[in-house]
Every structure is written in C-alpha cells, then in structure tokens.
Amino acid sequence: MSASNSQYEQNNSVPQRRFVRMSQCVEPRPNKHVTIVRSNNHQIRRPVVFVIYYSMYGHVAGLASSIRTGVEHAGCDCRIFQVAETLSNETLKNMNAPSKQKNIPTIRPDQLPEADGILFGMPTHFGTAPAQMKALFDACSNHWMSDALIGKPAGVFFSTATLGGGQETTALSCVPFFTHLGMLFVPLGYKNKSLMNLDEVHGGSPYGAGTLAGTQGERQVSQLEHQLARVQGIEFGKVVLKLSSTPKYA
C-alpha cells in the first residue's frame, strides 16, 4: 500500500511529510519535423498530450514534470492537469498533506476528447488506482457511449511506497478503463535500459515510469526515475505524432 493513500487515525502521531512542487522548467522543443493537425475549428496546431495526475505529497507531481519535458521534446504540446480531490479538508490536514498547486487546473471529464493522447499519473492504493483517479474514470460514461476516446493513446506512471507495492498492478488496474473506452495502452517497455539497473533501488516498470516514496513518504524522486519519466514522455509523444501524422479534423 502506498504512503500516498494510507488511511491514518486522526491523532497527533502522524509523521510530517516532505513534498516537492512540480518544476516549471522544460527543455526546448525541437523545431524540425513538426507534425500538425487540424482542430474542430479548422485551426492548425501541434498534437496535444494531456498529463493528468493525482499527487498527495508531490512524488507523482515530480514525475509529471519530467514526463512533460519528454512529451514536449518529442514535438507535442503538453497540458498538465490534476484530478479533483475526494478527501475532506479535515482528513487531508490530519494526513499532513500540503495544499494543492493552484496553478495546475483540475481536469473536467468533458475535456478529455480535446487531447490527442493522455498520460495518467497516480500513487497506488493497495496495488490499484486510487479513488481520486477512479472518480475521473467513472465520470466518463458519456465518452463510452459516444466513442469520443476511441483510438487515443493512453499511458500510466505511478508511485508506490515499496518496490513490490504496485509498480505493475497499478498500471494494469487502468487497462480495463482504456479497453472499454477504446483507448490504446502505450507502455514504456524497455526502451531505456536504465530500467534494468540493479546498482540502485528505483521505481518504474515496462508498464510505465515510477518512483518509490518510502513507507513514510521520506524518499524523493531520483535522477534515474526522472530519466525514465522523460523517456516515457518522449516515446509516448512519438506514438501520438505517428497517429497524428496525417492532417485531419480532430
């Protein structure tokens, strides 16, 4: 079970958590071989990838920053969103959770069809997607009926407390949603051989980039994990570019 989703008794014994803010710095995007598509109002634009995440203590937000860097380096535009919180302010206070980043908008289900591809980031909860992300999934019935998301690439990145805490099952728990919506699951694979590194403890799996938070949230995202997240962003962006390579009405 991830530290990001543990239920705590409301007392003063809860340990203080450290957290990180998502970086605002991104790498410059290449100018060559730019793929463009046409939007519903016939305007020419780059393919756009939505990075949608839930992060209580900042671990997933840190990965999202590196994911964005990779997506934009591949030549896509990238928009960052967070999902709506389902826990009460009182519960969050007792969990020592920091306030949400006000500069990151909250995604609405009706916005999802605007994306050419979507990467979902989340901490695990007993080896599956947390309630906050499931709430977004459950609000997509209209898209299921209208086929609005069919053919759109989707990927997952994640955080767990320990190495065996859900670095694969968390991603797999999202696959039924992708399947019912007709989305194309794009895993990380072993494109970056650092995923096989045995010299240091790290998160990530062929299903997606990941980090290990520690049982008390004491560990922060490592450079190797940031590297894996950037690679996932790049490779996912390439898939979106290929699927969008022929100008068409989005």
Side-chain angles (χ1 to χ4, degrees), residues 2-4 17-30 49-83 98 100-101 103-104 117-124 133 153-168 170-171 174 186-240:
S2 170
S4 300
R17 301 296 188 97
R18 291 184 299 166
F19 64 95
V20 295
R21 293 277 183 183
M22 188 170 64
S23 170
Q24 298 300 310
C25 299
V26 296
E27 296 179 1
R29 292 177 295 195
V49 172
F50 283 8
V51 175
I52 303 171
Y53 72 87
Y54 176 72
S55 186
M56 182 173 289
Y57 297 109
H59 299 86
V60 178
L63 287 177
S65 178
S66 294
I67 290 275
R68 177 185 62 181
T69 298
V71 167
E72 294 187 329
H73 184 79
C76 296
D77 284 336
C78 185
R79 296 176 64 186
I80 300 284
F81 297 90
Q82 55 187 333
V83 300
K100 301 300 180 183
Q101 299 186 55
N103 62 318
I104 305 297
I118 306 174
L119 282 159
F120 298 92
M122 66 201 76
T124 192
M133 189 61 69
V156 185
F157 57 102
F158 33 79
S159 171
T160 67
T162 62
L163 190 59
Q167 293 280 318
E168 296 180 345
T170 304
C174 298
V186 181
L188 172 61
Y190 285 98
K191 175 69 175 183
N192 189 326
K193 303 308 177 185
S194 293
L195 192 60
M196 301 179 181
N197 186 311
L198 298 179
D199 295 329
E200 64 175 275
V201 176
H202 63 85
S205 73
Y207 295 91
T211 187
L212 304 174
T215 57
Q216 299 299 324
E218 69 278 7
R219 184 182 181 275
Q220 298 303 323
V221 184
S222 70
Q223 290 302 311
L224 189 151
E225 291 165 341
H226 277 298
Q227 180 192 34
L228 291 172
R230 285 192 294 271
V231 170
Q232 183 174 10
I234 291 171
E235 296 305 314
F236 187 85
K238 288 179 181 178
V239 171
V240 173

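This structure is a prediction, so every number in the text was calculated from the model and none was measured. Computed from heavy atoms alone, side chains included, the values below leave out hydrogens, waters and symmetry copies.
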**Study point:** Derivation and outcome, side-chain contact (heavy atoms from CB on, under 4.5 Å), residues Leu119 and Val71
**Key:** CA-CA 10 Å; Leu119 282 159; Val71 167; 4.1 Å; yes
Check your understanding: So which heavy atom on Ala74 is nearest to which on Ile234, and how close?
Key -> CB-O, 3.6 Å
Exercise for review: Identify the heavy atoms of Phe158 and Gly204 that sit nearest to each other, and give their distance.
Suggested key: CE1-CA, 4.4 Å
Exercise for review: May I have the step-by-step check of side-chain contact (heavy atoms from CB on, under 4.5 Å) for Ile67 and Tyr53, ending in yes or no?
Suggested key: CA-CA 11 Å; Ile67 290 275; Tyr53 72 87; over 6 Å; no
**Study point:** Gln232 side chain to Val156 backbone, donor-acceptor under 3.5 Å
**Key:** yes
**Study point:** Partners passing ring-ring contact (aromatic ring centres under 6.0 Å, His included) against Tyr207 (at least two apart in sequence or in another chain)
**Key:** none
Review point. With sequence neighbours left out, what residues match Ser194 under side chain to side chain donor-acceptor pair (under 3.5 Å)?
Key: Asn192, Gln227
Practice item. Could you pull out the closest heavy-atom pair between Ser222 and Glu200, with the gap in Å? Key: OG-OE1, 4.1 Å
Check your understanding: With sequence neighbours left out, what residues match His202 under side chain to side chain donor-acceptor pair (under 3.5 Å)?
Key -> none
Exercise for review: Dump the intermediate steps for side-chain contact (heavy atoms from CB on, under 4.5 Å) on Phe157 and Val60, then the final yes or no.
Suggested key: CA-CA 8 Å; Phe157 57 102; Val60 178; 3.7 Å; yes
Review point. By side-chain contact (heavy atoms from CB on, under 4.5 Å), which residues pair with Thr211, not counting sequence neighbours?
Key: His59, Leu63, Ser159, Arg219, Val221, Glu225
Review point. So, does Thr69 use its side chain to make a donor-acceptor pair with the main chain of Ser65 at under 3.5 Å?
Key: yes
Review point. When rounded to the nearest 0.5 angstrom, what is the spacing between OG1 in Thr124 and CE in Met133?
Key: 12.0 Å
Revision key, fill the gap. Nearest heavy-atom approach of Ser55 to Lys100 is O-NZ, 3.5 Å
Practice item. Considering non-hydrogen atoms only, spot the tightest contact between Val51 and Ala64 and give its length. Key: CG1-CB, 4.1 Å
Practice item. Please report the shortest heavy-atom distance between Ala209 and Leu188, naming the atom on each side. Key: N-CD2, 4.0 Å
**Study point:** Distance in Å, Gln82 CD paired with Asn103 CG, rounded so as to fall on 0.5 Å steps
**Key:** 8.5 Å
Point to revise | Qualifying residues under side chain to side chain donor-acceptor pair (under 3.5 Å), relative to Gln167, sequence neighbours excluded | key: Thr160
Point to revise | Interatomic distance, Ile118 atom CD1 to Ile52 atom CD1 [nearest 0.5 angstrom] | key: 5.0 Å
**Study point:** Partner set under side-chain contact (heavy atoms from CB on, under 4.5 Å) for Val186, not counting sequence neighbours
**Key:** Pro153, Phe236, Val239
